[in-house]
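Lettering of chains follows the sequences in order, A, B, ..., and the numbering in each one begins at 1.
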There are 2 protein chains.
Amino acid sequence: MNLKDLAARLGLSQTTVSRALNGYPEVSEATRQRVAAAAEKYSYRPNTRAKGLATGRSMAIGHVIPISAQHEMVNPVFGDFIAGAGETYAAAGYDMVLSLVQDSQEKRVYREMFAKGNVDGIVVHAPEMQDPRIALLQDIGLPFAVHGRASDVHTPYNWLDMNNKNAFLRATDFLLDLGHKRIGLLNGLETMDFAHRRRIGYVEALLNRGLAVDPQLMRSEEMTENYGYRAVRQMMKLPNPPTAYLVSSMIPAIGIRRAIHDAGLVMGRDISVITHDDDLSYLRNGDDVPLFTATRSSVREAGQQLARILIEQILNPQEAPKTKLLEAELTVGLSTGPNMEGR
Amino acid sequence: MNLKDLAARLGLSQTTVSRALNGYPEVSEATRQRVAAAAEKYSYRPNTRAKGLATGRSMAIGHVIPISAQHEMVNPVFGDFIAGAGETYAAAGYDMVLSLVQDSQEKRVYREMFAKGNVDGIVVHAPEMQDPRIALLQDIGLPFAVHGRASDVHTPYNWLDMNNKNAFLRATDFLLDLGHKRIGLLNGLETMDFAHRRRIGYVEALLNRGLAVDPQLMRSEEMTENYGYRAVRQMMKLPNPPTAYLVSSMIPAIGIRRAIHDAGLVMGRDISVITHDDDLSYLRNGDDVPLFTATRSSVREAGQQLARILIEQILNPQEAPKTKLLEAELTVGLSTGPNMEGR
DNA sequence: AACGTTTTCCAAAGCGATTTGGTAATCGAA
DNA sequence: TTCGATTACCAAATCGCTTTGGAAAACGTT
């Protein structure tokens with residue numbers, strides 16, 4: 001059933017039917033009712049492509065997920081972020097189109113998306129410190145919003161970020177307050193902007209107390225379970241091993257827990273662990289009592305809010321970019337305790 | 001830059017330019033070259049919506065992700081499946097459009113997707129035993145392919161499934177061969193078809209050896225880490241607790257590991273665990289030695305192959321539906337050992 | 001040279017919506 | 001009664017592509 005048929009069935013012109021359905025005023029209330037009823041009856045839905053062609057908008061938003069050639073890992077955070085964004089899109093009538101792209105091809109894909117006109121805007125994932133995608137998208141003139149920030153990009157753009165530096169500063173402070181002096185940092189890849197900011201927070205907290213920053217205690221890798229396990233096993237062999245660890249995600253934190261157990265120690269008593277917790281739906285941090293002491297910030301909520309920012313930008317292209325910084329919440333769980341060394 | 005402009009610049013008709021770019025024969029090789037060069041130079045890309053309107057195809061495939069109201073969890077498997085499917089789509093020139101939908105609304109969404117014509121086909125996720133979506137999609141006449149199967153649906157349709165029954169039968173056999181008599185089953189939600197089949201495999205293995213099936217040893221819940229922990233803690237309190245566990249995914253398996261440790265026991269020595277492993281990129285089962293004994297089947301590969309099946313169906317709508325059953329591979333890791341009870 | 005084929009191109013008609021630029025019909029006020 | 005304004009509708013243009021139905025030019029054959 002298309003507009004033409006529907007109009008014919010109603011004995012009206014396509015114009016009138018279209019106007020009636022789209023809420024334009026130049027249609028009498030009576031016919032509007034009649035049209036609405038018929039549309040319902042024949043379950044008429046305007047063809048997306050035709051509508052898009054006529055209006056010049058596609059009512060779709062693109063998410064380009066870079067798959068790096070070396071470590072072809074899908075960010076585990078991705079599912080929940082998408083779920084959040086998807087809720088907002090659905091409510092606003094937007095579709096979400098996903099492209100999985102080799103990161104070498106990413107720029108080409110952005111240009112193509114614009115040229116082919118199949119999205120009205122783009123969400124940029126996993127920004128690096130001087131991420132070239134931002135300048136590219138500004139250059140192209142395609143509305144976009146970034147999940148995170150790029151430290152070395154200084155032109156304004158839409159972003160939503162968790163306050164990574166502050167979260168890790170507070171977490172480190174918390175461990176220092178418990179008497180820990182040697183704290184291992186298991187960071188994500190520090191080419192990623194978020195990881196870079198986290199390290200800054202960690203370092204700043206140490207320096208604030210006049211403590212030395214030991215490169216041997218700092219790691220930066222992709223956040224897998226094994227990474228947590230391996231890194232901690234190795235650091236434990238140091239002459240002066242850490243008494244506490246700060247880790248970037250629940251998944252390596254689980255690996256840390258395993259390493260601690262394997263060494264015959266107890267997490268929270270012998271060794272303290274704080275993790276960042278993205279509040280993933282399938283990896284809840286304990287039922288009532290949080291398992292890990294953690295800085296928590298819901299990635300799903302981030303998805304919701306960033307989607308809203310982008311949609312607003314699309315609707316009002318002249319408006320200045322919006323930014324939002326979410327603060328993480330520090331919840332104390334069972335994985336931390338006072339430094340018992342030398343008691 | 002659109003077709004009209006490009007044709008004007010070349011002094012050719014839109015027809016000729018279109019044909020040249022789409023590889024039709026009625027264009028001389030010389031002008032084809034000329035057109036290709038100009039298209040490249042002005043980086044011309046046909047507008048997706050216009051092309052779709054003209055051809056009647058949208059070159060997009062829909063994935064409807066149901067979000068159930070009770071437990072609004074995003075399946076952790078989802079990211080990797082999408083990654084696999086995405087590779088195939090990209091290679092074949094298809095876009096992927098995602099809809100996150102409250103499961104109560106799901107049927108409406110399928111109908112709308114068809115009516116609005118914004119996808120050429122659909123991938124059905126997480127089928128239940130008598131999944132009504134299959135009949136619905138057949139009724140609508142929209143090409144689709146199912147990741148998994150629906151036991152109670154007997155009309156032919158495209159599907160790709162892992163041999164869940166066989167995997168769990170073999171895993172159970174493996175534990176029985178090690179001398180375990182009481183084996184706990186931590187299954188996924190058994191309204192899901194895959195979980196139902198897994199239970200059948202488990203039960204069949206027990207019955208084959210004339211062993212009783214104890215309902216107290218069988219659980220069926222959403223596959224979170226806490227689920228694994230809680231269930232095993234509880235089963236351990238039984239007068240006659242299991243000496244081994246069979247679990248549906250790595251994530252609850254990690255919870256089981258925690259429960260075993262917390263009880264002061266050693267996994268693989270005191271208690272054996274076998275898990276199914278979807279081979280997720282961010283949850284590898286150990287580095288060189290597998291951590292868990294597991295039945296493994298790559299969900300990413302499943303995504304790739306199912307996407308291929310669907311695309312074929314779209315291109316040849318008259319062809320009979322295709323099906324594919326992947327066998328899981330049993331890899332022995334550190335989490336299993338002989339039953340030491342009473343030695 | 002004549003004639004049928006093949007090659008190479010083009011004008012125009014779609015695809016299914018929105019939107020522009022109207023026109024009758026009705027209404028109110030002078 | 002007349003005339004401008006308002007109401008309620010419509011025909012046709014438009015978005016950017018593909019595709020149909022030619023038609024002119026080149027070619028081959030006799």
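- Residues B:A50 and B:T31 each lie close to DNA chain C; by heavy-atom proximity, the contact nearer the 5' end of the strand is made by B:T31.
- Partner A:R149 forms a side-chain hydrogen bond (donor to acceptor under 3.5 Å, both in side chains) with one of A:D193, A:D131, A:D161 and no other, that one being A:D161.
- The CG-P distance, from B:L53 to C:dG16, rounds to 7 Å in whole Å.
- Distance B:K51 NZ to D:dT18 C1': 9 Å, rounded to the nearest Å.
- A:N47 has no side-chain polar atom (N or O) that falls below the 4.0 Å cut-off from OP1 or OP2 of C:dC15.
- B:Y24 has a side-chain polar atom (N or O) that falls below the 4.0 Å cut-off from OP1 or OP2 of D:dT19.
- In this structure, B:T15 does not reach the D:dT19 phosphate: none of its side-chain N or O atoms is under 4.0 Å from OP1 or OP2.
- Look at CG on B:L10: it is 15 Å from C1' on C:dC10, rounded to the nearest Å.
- Taking the six-membered ring for Trp and thresholds of 30 and 60 degrees, A:F81 and A:H125 have ring planes more than 60 degrees apart, a perpendicular arrangement.
- For A:E29 and D:dA8, the CD to P distance is 10 Å, given to the nearest whole Å.
- Of the candidate nucleotides C:dT18, C:dC10, C:dG16, C:dC10 has the atom nearest to the side chain of B:T16.
- Residue B:R19 is in base contact, counting any heavy-atom pair closer than 4.0 Å across all strands shown.
- Between C:dA17 and A:Y44, a contact under 4.0 Å exists linking OP1 or OP2 to a side-chain N or O.
- B:T55 comes within 4.0 angstrom of sugar-phosphate atoms only, judged by non-hydrogen atoms across all strands, and of no base.
- Remark: C1' of C:dA17 and CZ of A:R45 are 15 Å apart, rounded to the nearest angstrom.
- Among B:Q313, B:E312, B:K322, the one residue that satisfies the side-chain hydrogen bond (donor to acceptor under 3.5 Å, both in side chains) test with B:N158 is B:Q313.
- One finds no side-chain N or O of A:K4 lying less than 4.0 angstrom from the OP1 or OP2 phosphate oxygen of C:dG16.
- Heavy-atom neighbours of A:E40 CD from other residues, nucleotides or ligands within 6.0 Å: at or below the threshold of 12.
- In the set C:dG16, D:dT18, D:dT19, D:dT18 carries the atom at the smallest distance from any side-chain atom of B:A54.
- Distance, A:L12 CG to D:dA11 P: 11 Å, rounded to whole Å.
- A:S18 has a side-chain polar atom (N or O) that falls below the 4.0 Å cut-off from OP1 or OP2 of C:dT18.
- In this structure, B:R9 forms a cation-pi arrangement with B:Y42, its terminal cationic atom sitting closer than 6.0 Å to the ring centre and no more than 45° off the ring axis.
- If you take CZ of A:R49 and C1' of C:dA17, they are 11 Å apart, rounded to a whole angstrom.
- The nearest whole Å value for the distance from the CG atom in A:L6 to the P atom in D:dC10 is 13 Å.
- Considering only side-chain atoms of B:S13, the nucleotide from C:dC10, C:dT18, D:dT18 that sits closest is C:dC10.
- Comparing B:V17 and A:L3 by the nucleotide of DNA chain C that holds the closest heavy atom to each, the one mapping nearer the 5' end is B:V17.
- Distances shorter than 4.0 Å separate some side-chain N or O of A:N2 from OP1 or OP2 on C:dG16.
- Within a 6.0 Å sphere centred on NZ of A:K116, heavy atoms belonging to other residues, nucleotides or ligands number more than 12.
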